[in-house]
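Here it is, the structure in full.
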Amino acid sequence: MKSCDLVLVGGGIMSATLAAMIKELRPEMSIEIFEQLGSPAEESSNAWNNAGTGHAALCELNYTPQNADGSVGISRALVVNTQYDLSRQFWAYMVGKGAMDAPDTFIHDVPHISFVWGEENVAFLRKRFDAMSAHHCFAGMEYSEDHAVLSEWMPLIMEGRDPAQKIAATRMLTGTDVDYGAVTRQLLAQLQKQNDVTISYSHHVSNLTKNADGTWNVSVKDLTSGATRTLAAKTVFLGAGGGALKLLQQSGIPEGKGFGGFPVSGIFLRCENQAIVDRHHAKVYGKASVGAPPMSVPHLDSRFVDGKRSLLFGPYAGFSTKFLKHGSLGDLFGSIKSDNIGPLLAVGRDNFDLTKYLVGQVLESKESKYASLREYFPDADPKDWNFIVAGQRVQVIMPDEKAGGKLQFGTEVVSAADGSLAAVLGASPGASVAVAVMLDIFKRLYASELPQWSEKLTTMIPSYGRSLADDAALCSRVRDHVAEVLHLAKVPAKIGT
Ligand SMILES: Cc1cc2nc3c(=O)[nH]c(=O)nc-3n(C[C@H](O)[C@H](O)[C@H](O)COP(=O)(O)OP(=O)(O)OC[C@H]3O[C@@H](n4cnc5c(N)ncnc54)[C@H](O)[C@@H]3O)c2cc1C
């Protein structure tokens, strides 16, 4: 039986990032990557299956909840903001050594704007701005309620709008749009050139069993020939997106018990009419409706994919029992096991608003979808827009002592106590924080080697081991360097209001 150091399941951004980082740290490691589709990044990591937002909590209001006393908390925003810095530092390192292509093949400056209407929301946004702009991580944030200023920031959103409407927005010029599909393909392409790395497309990982010596037997089916083989791996990484839960369950590790998944599908509206596209240069995020999952906040985004600009609006949530866009309708039912039925039922009982919201979204007519678009872009003409189906998100359901089970909207890592297997579940903030996720995984899978990697990790990620949220000078130095290498906007020295 063939054996290797590490098997990665999935050809999306998570596996690509882990494999690329580990090969820098331990070049002699033997790696096998299996992807069931014919090419890389065809599921959630594909540019058209996600929104391409470099999630840095600049415009996404769900990272800054309002506390009971009316104040706005920014601690979650700081975590996401500085986790995204880790990804950008790693990409800058890879571009610098020629292992990734020119930055404009995958990342672009796109201002991030939060936009709200109504007295209450405006008051919230002002408080959020006051709390955030006082922190060096959000230096450069601007705030305005002035229709004339906002017309400059986002002309399409202001044209046709009631001049008496009470509105406000914040803007960060250092926001980004990222083609995560391109990042994935570039990382996998450079891995393919390295010794001891094999990437097999059209190969489905069908089972995992643990051996007495702690290694894993991984069963793989070649979907072209139909042949099945088994290989032995010291360590397994399940970067299988919506397919990770099934494999985690098959692994039988006790840490995976009780986990379940709840799929939320997404639809975007896309506009490729260049006369319109050229008039919007921002990602404009609004406020979520009651019951809406945090990642279903509507936003009107400038996108850069394959050298072409377009606009994306959405996502509209939907319900499908598939766990992957190319998955099976039986995925949800197949994932229900005796150990997760309790958490699943508890989540069903406690999330009535979410259920109501999803049912509403599924039943929503095309006309009402265009009406949502017009809340952001009042003069939008349906003939300029096409519906596209986005990726599937499988929200994590996990056991909870008090409630029986809870629905988790974040990205969740589950690993075996002996460090032989790890899985990434969930979505948001997802691709943006892939490098932070991998640093967490190194602690779980390579704890004994991590101290020796620290020097190399600091070369790859200059802020490694230090906090950009606590160290303003380091933050500014690192961001200037990354902006230089990735050809991005630098944070303006003066904070605007
Ligand atoms: C609608 C939507 C919008 C999003 N917007 C953003 C955003 O703006 N910014 C952001 O940072 N993140 C966003 N995300 C999240 C982000 O896309 C994901 O977190 C990220 O792409 C997940 O990467 P992955 O590698 O884990 O999974 P994927 O890209 O889904 O890759 C998993 C791969 O595993 C393969 N696979 C599964 N099972 C098997 C098996 N048994 N054998 C072999 N191969 C298998 C699949 O075919 C797939 O190619 C969004 C997601 C969605 C769905």
Side-chain angles (χ1 to χ4, degrees), residues 7-19 32-56 59-60 80 83-84 87 112 175-181 183-184 187-188 200-208 218-223 237-248 250 263-268 283 285 293 295-297 299 301 303 312 314-318 323-328 331 388-395 409-413 423-434 436-438:
V7 161
L8 300 103
V9 188
I13 193 155
M14 294 299 172
S15 290
T17 303
L18 177 55
E32 292 259 0
I33 303 177
F34 296 105
E35 165 54 54
Q36 63 190 8
L37 298 178
S39 46
E42 290 301 329
E43 282 284 345
S44 290
S45 302
N46 186 281
W48 295 121
N49 289 341
N50 62 66
T53 301
H55 284 304
C59 57
E60 313 87 325
V80 175
Q83 284 183 334
Y84 180 53
S87 294
H112 281 195
T176 47
D177 177 68
V178 183
D179 179 342
Y180 294 110
V183 173
T184 307
L187 292 178
L188 290 175
S200 308
Y201 295 104
S202 304
H203 278 67
H204 171 74
V205 173
S206 55
N207 204 7
L208 299 165
V218 182
S219 308
V220 188
K221 183 172 183 184
D222 178 337
L223 299 176
F237 173 64
L238 307 178
L245 177 63
K246 184 174 180 185
L247 291 164
L248 179 67
Q250 280 171 339
V264 177
S265 58
I267 293 170
F268 286 118
K283 283 179 180 273
Y285 274 60
M295 72 289 165
S296 292
V297 173
H299 43 101
D301 284 21
R303 299 297 313 274
L312 212 61
Y316 301 94
F323 277 6
L324 287 162
K325 192 168 167 179
H326 300 91
S328 139
D331 287 343
I388 60 168
V389 178
Q392 281 292 101
R393 299 189 210 234
V394 182
Q395 307 304 336
F409 291 107
T411 306
E412 200 64 40
V413 177
V424 178
L425 305 176
S428 258
S432 313
V433 299
V437 170
M438 296 320 143

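All values derive from a computational prediction rather than experimental measurement. In each ligand, atom 1 is the first atom listed, and ligand 1 is the first ligand listed.
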the protein heavy atom lying closest to atom 31 (O) of ligand 1 turns out to be G12 CA, 3.6 Å
Q | Heavy-atom nearest neighbour in the protein, as seen from atom 27 (O) of ligand 1, with distance rounded to 0.1 Å | A |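 Minimum-distance protein heavy atom for atom 27 (O) of ligand 1 reads G241 CA, 3.5 Å.
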Could you find the nearest protein heavy atom to atom 42 (N) of ligand 1 and give me its residue, atom name and distance?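 Minimum-distance protein heavy atom for atom 42 (N) of ligand 1 reads V205 N, 2.9 Å.
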Which option out of E35, K325, Q392 puts a heavy atom nearest to atom 49 (O) of ligand 1?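 Among E35, K325, Q392, the closest heavy atom to atom 49 (O) of ligand 1 belongs to E35.
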Per-atom contacts, ligand 1 versus G52 - under 4.0 Å to a heavy atom:
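Per the distance check, 7 (C), 8 (O).
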Query raised in the report: Does G426 reach ligand 1 with a nitrogen or oxygen that is under 3.5 Å from one of the ligand's nitrogen or oxygen atoms?
Result: no
Checklist entry - Counting only N and O atoms by type, is there a donor-acceptor contact under 3.5 Å from the side chain of R303 to the main-chain atoms of A47? => result yes
Q. Mind checking whether G430 has an N or O less than 3.5 Å away from an N or O of ligand 1?
A. no
Checklist entry - Does E43 reach ligand 1 with a nitrogen or oxygen that is under 3.5 Å from one of the ligand's nitrogen or oxygen atoms? => result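 In this structure, E43 places no N or O atom under 3.5 Å from an N or O of ligand 1.
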Short version for V424: what comes under 4.0 Å of ligand 1, heavy atoms counted, is neither
Looking only at protein heavy atoms, which one is nearest to atom 13 (C) of ligand 1, and what is the separation?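 The answer is N50 CB, 3.9 Å.
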- Task: With the side chain counted from C-beta on, respond yes when S265 and R393 share a heavy-atom pair under 4.5 Å apart, and no when they do not.
- Result: no
I want to confirm something. Looking only at heavy atoms, which of G327, S44, A41 is nearest to atom 17 (O) of ligand 1?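 It is S44 whose heavy atom sits nearest to atom 17 (O) of ligand 1.
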query: Nearest protein heavy-atom contact for atom 9 (N) of ligand 1: which residue, which atom, what distance?
result: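 Going by distance alone, atom 9 (N) of ligand 1 is nearest to T53 O, 2.9 Å.
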* To do: Could you tell me the residue and atom name of the protein heavy atom closest to atom 21 (O) of ligand 1, and the distance to it rounded to 0.1 Å?
  =>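 Answer, as residue, atom name and distance: S45 OG, 3.0 Å.
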At under 4.0 Å between heavy atoms, what of K246 touches ligand 1? The answer is neither
Checklist entry - Which ligand 1 atoms, with their elements, are less than 4.0 angstrom from a heavy-atom of L324? => result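 What qualifies from ligand 1 is 37 (C).
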message: For S44 and Y180, which I'm curious about, is there any donor-acceptor pair between the side chains at under 3.5 Å?
response: no
- [ ] Please state whether H326 comes within less than 4.0 angstrom of ligand 1, counting heavy atoms only.
- [x]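 No.
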Value for CG (N207) from OG (S219), rounded to nearest 0.5 Å, stands at 5.0 Å
*If you count the atoms of ligand 1 from 1 in the order shown, which ones are under 4.0 Å from a heavy atom of L247?*
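So the answer, numbered in order with elements, is 41 (N).
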### Task
Look only at interatomic distance and state if H55 has a nitrogen or oxygen under 3.5 Å from any nitrogen or oxygen of ligand 1.
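The answer is yes, given that H55 and ligand 1 share an N or O pair closer than 3.5 Å.
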### Task
Measure the distance from atom 24 (P) of ligand 1 to every protein heavy atom, then report the residue, atom name and distance (to 0.1 Å) of the closest one.
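The protein heavy atom lying closest is M14 CG, 3.7 Å.
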Review point. V394 versus L425: any side-chain heavy-atom pair under 4.5 Å?
Key: no
Check: At a 4.0 Å threshold, what atoms of ligand 1 neighbour a non-hydrogen atom of G391?
Finding: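 Every atom of ligand 1 under 4.0 Å from some heavy atom of G391: 53 (C).
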Atom 16 (C) of ligand 1: closest protein heavy atom, distance to 0.1 Å, is A431 N, 3.8 Å
Discussion item. So if I count the atoms of ligand 1 from 1 in the order they appear, which ones are less than 4.0 Å from some heavy atom of G10?
Written reply: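 Near G10, meaning under 4.0 Å from one of its heavy atoms, ligand 1 has 33 (C), 34 (O), 35 (C).
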Closer than 4.0 Å to some heavy atom of L37 - which atoms of ligand 1 meet that?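 Here the atoms of ligand 1 in question are 47 (O).
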Partner of H55 under side chain to side chain donor-acceptor pair (under 3.5 Å), picked from E60, Q83, H112, is E60
Near F34 (heavy-atom distance under 4.0 Å), the atoms of ligand 1 are 43 (C), 44 (N)
Pull out every atom of ligand 1 sitting under 4.0 Å from any heavy atom of Y180, numbered as shown with elements.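 Checking each atom against Y180, I get 9 (N), 10 (C), 11 (O).
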*Under 3.5 Å between some N or O of ligand 1 and some N or O of S432?*
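S432 vs ligand 1: N/O contact under 3.5 Å present.
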